[in-house]
Student: 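Before I ask anything, here is the structure I am working with.
Below, read A as the first sequence line, B as the second, and so on, with proteins coming before strands; counting in each chain starts at 1.
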Number of protein chains: 2
Amino acid sequence: MKQLWLFNQINSDLQRIEKELHHFVETDYPILNESAVHLLDAGGKRLRPAFALLAGKFYGYPIDQLMPVAMALELIHMATLVHDDVVDASTTRRGRPTVKAKWGNIVSVATGDYLLARSLELIAKIDHPEVSRILAEVSVEMSQGEIQQIKASFDVKQNLKQYYYRIKRKTALLIEASCKLGAIVSGAPKRQVWALGAYGHAIGMAFQIVDDVLDVTAEASQLGKPVGGDLQQGIMTLPMILALKSTQHSERLINLLGKTDKSQSEIEEAIRLIKDSGAIEESMHYVDLYIQKAKRYLEELPNVPTRKALADLAQFIRDRKF
Amino acid sequence: MKQLWLFNQINSDLQRIEKELHHFVETDYPILNESAVHLLDAGGKRLRPAFALLAGKFYGYPIDQLMPVAMALELIHMATLVHDDVVDASTTRRGRPTVKAKWGNIVSVATGDYLLARSLELIAKIDHPEVSRILAEVSVEMSQGEIQQIKASFDVKQNLKQYYYRIKRKTALLIEASCKLGAIVSGAPKRQVWALGAYGHAIGMAFQIVDDVLDVTAEASQLGKPVGGDLQQGIMTLPMILALKSTQHSERLINLLGKTDKSQSEIEEAIRLIKDSGAIEESMHYVDLYIQKAKRYLEELPNVPTRKALADLAQFIRDRKF
């Protein structure tokens, strides 16, 4: 993981989570095993487990309580990724063919169901009513966000409110839950559970906006997937919504955004129009607002080294190029 | 529901579950709402809630504890149906177009995820460790069965052991859980929880075999979907496996079973060969063995009217033509 230095405090436990996840998803079914391991091996930043562990650092770091929560969070995240790939018709994730492209929709659905079921097993073992409640509520919201994303495909009339509604469900809520649950199972006071959750929520919003910006601006090699994937799939993101407001070529951009099968040059043209409109800078301004918000919530927390680690993490999420 | 007389004791509560399910899955998202309600309206026998309620009848029928469990079971069942339809490429269920045929894979995945998430909400509210544990374990097994069904498509070499393994996960385990959970939340003694579970397991196996037989023998109008659906989708069922053993035309039948795009006349020919081989009678003999088993387990239970209702239900499952 490239940001190892940020996670120094929790690095060996993150590696343990990695091992345990591999063991946990192992099954006698070769196809299921391959696809689940395929997902795991694609890596991913393991952000959500990291947040849970870091939250626990403030309150004595009870690793036996934190570990299953961290694993459950990552399993839920992987399950939603696999199902999102069916929904999104995407073919690469993190530079590797998606489970879907490799085996088709059907295995993706079954693999996602399997990972989710394993997370339920863990949650049942944890046997903590608030943990179960929070994860259930987040799952409901996330699935509603899934549907709204489907409904919103290629809908160029989407506004900011709809965008924020969607990314809150797609990304922010699970990261918020990661922070909160780490705090809750560590016995944090209510006020600080709330503060860590609010930090996680703001970070999650920022994270998704940066993701959406990078989809327009990054090089394919950095991203691990083709640039302009959102454009190709008709997913209206903040840079596009803002570009439509400020570009001098809104009619052309509207046509491009709404077009279902874009050529490579049409994607490049759309990217150019978005960049020229100033929408990228404006998007990053919104990111900065969320990061500032996140850092303010940190002030509620005990002033220990982990607090600085979370602030640095917030900055990293803003500055990252992948 | 056609078997109302069997459910006289619990009929008004089943209607209440129907109402509550409609309210519970209601959401602000029109597409999700439509697809979830579409599923509900297709009816279904609500067997799993019925089993949970009937189990509770032996032990004082604590309806406030039974209701959410019954609802959670039906939500899980509906979620697996919707995802199975993605997996199975089927287009009608209970005489109506499947959610999938109507809206495509993507909405099916999201709808299934939504129903499952709602069931998690309920399970979290129920807050009973054994309920959570059992439902999580069943979900893991069911998803593994999902994958094995994919892997086994058009594989004419499947044997009885593999078939039983698959239908246990697809059907028997959730019906077993329905009986057990009804008993558990009603405070039944351990031995009787086990007996009701074993009854449910045997009933579930019988139910699926009858389902598989009817897929070959029934009229389309009775079935609510085209006859020979399993044949068309390459799902190897008991009648087919037994037919391959006893038919004089095994080579022809092997070819037909393994063929991915069968014509109507090829399906009819396969059906004819299966019927002529005696495989239907042989399959029903296995059903009878399971029904006898189920009835024996009932002897562990208090000799109250509900016990006869369960025995009659077992017989109905065997004798039904739809």
Student: Measure the CG-CZ distance between A:Leu120 and B:Arg133 for me, rounded to the nearest 0.5 Å.
Tutor: 14.0 Å
Student: Do B:Val109 and A:Glu146 come close enough that some side-chain heavy atom pair is under 4.5 Å?
Tutor: yes
Student: Is it the side chain or the backbone of A:Asp127 that comes within 4.5 Å of chain B heavy atoms, both, or neither?
Tutor: side chain
Student: How long is the straight-line distance from CD of A:Glu137 back to CZ of B:Arg118, given to the nearest 0.5 Å?
Tutor: 10.0 Å
Student: Relative to chain B, which segment of A:Ile134 carries a heavy atom at a distance below 4.5 Å: side chain, backbone, both, or neither?
Tutor: neither
Student: Please flag which part of B:Leu116 lies under 4.5 Å from any non-hydrogen atom of chain A: side chain, backbone, both or neither.
Tutor: side chain
Student: Hey, mind stepping through B:Val107 and A:Ile150 against side-chain contact (heavy atoms from CB on, under 4.5 Å) and telling me if it holds?
Tutor: CA-CA 7 Å; B:Val107 174; A:Ile150 296 166; 4.1 Å; yes
Student: Quick check: closest heavy atoms across B:Asp113 and A:Ser143, and the distance to 0.1 Å?
Tutor: C-CB, 3.9 Å
Student: Would you sort out whether A:Tyr114 and B:Val140 count as a side-chain contact (heavy atoms from CB on, under 4.5 Å), showing the intermediate values?
Tutor: CA-CA 6 Å; A:Tyr114 172 68; B:Val140 171; 4.2 Å; yes
Student: Rounded to the nearest 0.5 Å, how far apart are CD of A:Glu121 and CG of B:Leu135?
Tutor: 12.0 Å
